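What follows is a short report on a single structure.
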Amino acid sequence: MTKYKLEYIWLDGYTPVPNLRGKTQIKEFDSFPTLEQLPLWGFDGSSTMQAEGSNSDCVLKPVSVYPDPARTNGALVMCEVMMPDGVTPHPTNKRATILDDEGAWFGFEQEYFFYENGRPLGFPDQGFPAPQGTYYTGVGFSNVGSIAREIVEEHLDQCLAAGINHEGINAEVAKGQWEFQIFGKGSKKAADEIWMARYLLQRLTEKYGIDIEYHCKPLGDTDWNGSGMHCNFSTKFMREVGGKAYFEALMEAFGKNWKEHIDVYGPDNHMRLTGKHETAPWNKFSWGVADRGASIRVPHSFIKNDYKGYLEDRRPNSQGDPYAIASQVLKTIAEVSTE
Ligand code: ADP
Ligand code: MN
Ligand code: MN
Ligand code: MN
Ligand code: MN
């Protein structure tokens, strides 16, 4: 038997953006534990905005497990928060709202800033660095500084070691801004892995004295880009049947539900979705082929392939909850007939 360090990780009840929480318990197993072997656990919900002090116990239900790349005999255990009965999802549990998504694939592009002393990493104490232009996919000290790449590489290695389906990284348009992409067959798988990758990034940067700033427009109304989390999605029907009529009906449903989508696409999105900086205005739905100024970008390949493939919703922002985002995307898709 080996003693494993199990890090149970969950989302708290803070609004509009939940925080990641985690605590460790030690349990013995013959080998790396499977999901079925992991017990329910509890926590004090009165300390996480999830319960009153008088009746404070919430339940942690393991939903996915990954080897912990930074700990000997460690496991990272993503959990859903349940009511004390252990079977009713807690109201803050957005993962539980995801419709059955058999065959749905999701790819999220998480953008974020590194922050040090309240400023983007690499910004001078006063004023601004050289304007945007050469930072995106840039190389060299004046573009990316001296430690950002070290962190990004270590994070990438940790994600791969944890078995997260990480697909790539790039330096972004603003100084101190980066992106990683995660793809999953199954919306819950992709969303779990985004949260786990965020967890690994935040834990990793503790030792550097650096924070991750996920706000979608941390530099406000300036010429510095904001951060998004583009949501690429496809269903089995979209990949295998598709067609122009179905696509048009789908876009009509997305247009009709624009408000429901914006409501879960991350806070303060009106600051980012202004119509500038490769964005569409937050309150006006649009789609366009290869158009990075549209709400939904339709890849060239989609049209060429008889309206089959995936679509990119560019509206979700970097602070969005991928569970809530996937849940709404699938809800709108479910409104459109495939007959
Ligand atoms: P860009 O920055 O040009 O928008 P990226 O390469 O950063 O493109 O992201 C594209 C995303 O689309 C990736 O996360 C990828 O996994 C995802 N993707 C590709 N094919 C599909 C598909 N069939 N269904 C859902 N997502 C997909
Ligand atoms: Mn205690
Ligand atoms: Mn990208
Ligand atoms: Mn990007
Ligand atoms: Mn994109």
Side-chain angles (χ1 to χ4, degrees), residues 98-99 101-113 132 135-138 152 155-156 159-160 163-174 177-198 201 214 216 225-243 246-247 250 254 261 265-266 269 272-273 277-280 286-320 322-323 325-330 332-333:
I98 296 177
L99 295 174
D101 71 335
E102 226 212 302
W105 297 356
F106 278 79
F108 292 104
E109 304 169 55
Q110 173 77 63
E111 295 178 340
Y112 62 94
F113 279 85
Q132 293 182 166
Y135 304 127
Y136 170 74
T137 58
V152 164
H155 178 246
L156 172 58
C159 286
L160 293 174
I164 289 171
N165 196 37
H166 196 305
E167 291 220 312
I169 50 183
N170 60 272
E172 265 303 338
V173 173
Q177 189 188 32
W178 290 77
E179 169 178 317
F180 60 81
Q181 301 106 32
I182 284 173
F183 171 79
K185 294 185 176 177
S187 63
K188 287 179 182 173
K189 183 170 188 293
D192 285 348
E193 293 187 10
I194 280 282
W195 277 117
M196 200 49 77
R198 287 176 176 177
L201 187 59
Y214 294 106
C216 70
N225 268 37
S227 300
M229 186 172 67
H230 298 164
C231 171
N232 301 275
F233 62 92
S234 63
T235 59
K236 191 166 187 289
F237 188 85
M238 287 167 66
R239 293 189 302 273
E240 294 177 5
V241 184
Y246 177 77
F247 168 75
L250 190 62
F254 269 82
H261 284 257
Y265 279 3
N269 229 352
R272 164 179 164 264
L273 299 179
H277 304 292
E278 298 184 2
T279 67
S286 61
W287 63 268
V289 178
D291 183 357
R292 287 168 192 271
S295 312
I296 287 192
R297 177 175 67 93
V298 183
H300 275 304
S301 60
F302 189 91
I303 306 293
K304 263 193 271 167
N305 199 16
D306 296 327
Y307 292 80
K308 286 200 285 281
Y310 74 96
L311 299 170
E312 177 189 48
D313 194 332
R314 301 175 59 80
R315 296 169 296 171
N317 79 34
S318 41
Q319 246 178 343
Y323 295 137
I325 295 166
S327 178
Q328 182 57 50
V329 167
L330 291 168
T332 295
I333 289 174

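Position 1 is the first residue of the sequence; numbering continues from there. Since we're looking at a predicted model, the values are computed, not measured. Read the numbers this way: they start at 1 and go in the same order the structure lists the ligands and their atoms.
Here the angle at the Mn ion (ligand 3) defined by OE2 in E179 and OE1 in E109 stands at 100°, rounded to 10 degrees.
Classified by interplanar angle (parallel below 30°, tilted 30° to 60°, perpendicular above 60°), the ring pair W105/F183 is perpendicular. The aromatic rings of H155 and H166 stand perpendicular to each other, their planes meeting at an angle above 60°, with 30° marking the opposite boundary.
Backbone and side-chain nitrogen or oxygen atoms of E109 are examined, and one is located within less than 3.5 angstrom of a nitrogen or oxygen of ligand 1. Of the N or O atoms in E179, one or more lie within a sub-3.5 Å distance of an N or O in ligand 1.
Atom 4 (O) of ligand 1 has as its closest protein heavy atom E312 OE2, 2.9 Å. Nearest protein heavy-atom neighbour of atom 17 (C) of ligand 1: N232 CB, 3.8 Å. Looking only at protein heavy atoms, the nearest one to atom 27 (C) of ligand 1 is F183 CE1, 3.7 Å. Protein heavy atom closest to atom 16 (O) of ligand 1, with residue, atom name and distance, is E167 OE1, 2.4 Å. Of the protein's non-hydrogen atoms, the one nearest atom 24 (N) of ligand 1 is S234 OG, 2.8 Å. Regarding atom 25 (C) of ligand 1, its nearest protein heavy-atom neighbour is W105 O, 3.5 Å.
If you look at R292 next to ligand 1, the close heavy atoms, those under 4.0 Å, all belong to the side chain. Counting heavy atoms closer than 4.0 Å to ligand 1, residue Y310 contributes side-chain atoms (C-beta onward) but none from N, CA, C or O.
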Donor-acceptor list for residues 298-306 side chains, cut-off 3.5 Å, not counting sequence neighbours:
none

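The atom of H230 nearest to the Mn ion (ligand 5) is ND1, with the search restricted to N, O or S atoms. In terms of distance to the Mn ion (ligand 5), the nearest N, O or S atom of E312 is named OE2.
Contact record, P316 with I325: CB-CD1, 3.7 Å, taken as the closest heavy-atom pair. Contact between R292 and R314 at its shortest, heavy atoms only, is O-NE, 3.2 Å.
Side chains of Q132 and N225: a donor-acceptor N/O pair is present below 3.5 angstrom, by distance only. Checking Y214 against N317 by side-chain atom types alone, no donor-acceptor pair falls below 3.5 Å. Side chains of D313 and Y265: a donor on one and an acceptor on the other come within 3.5 Å.
Shown in contact with Q181 at under 4.0 Å from a heavy atom are these atoms of ligand 1, numbered in order with element: 7 (O), 14 (O). Close approach to R297 involves these atoms of ligand 1, each under 4.0 Å from a residue heavy atom: 3 (O), 4 (O).
Using a 4.5 Å heavy-atom cutoff, the side chains of N165 and K189 are in contact.
The protein does not reach atom 6 (O) of ligand 1 closely, with no heavy atom under 4.0 angstrom from it.
Ring to ring, F254 and W287 are not that close: their centroids are 6.0 angstrom or more apart.
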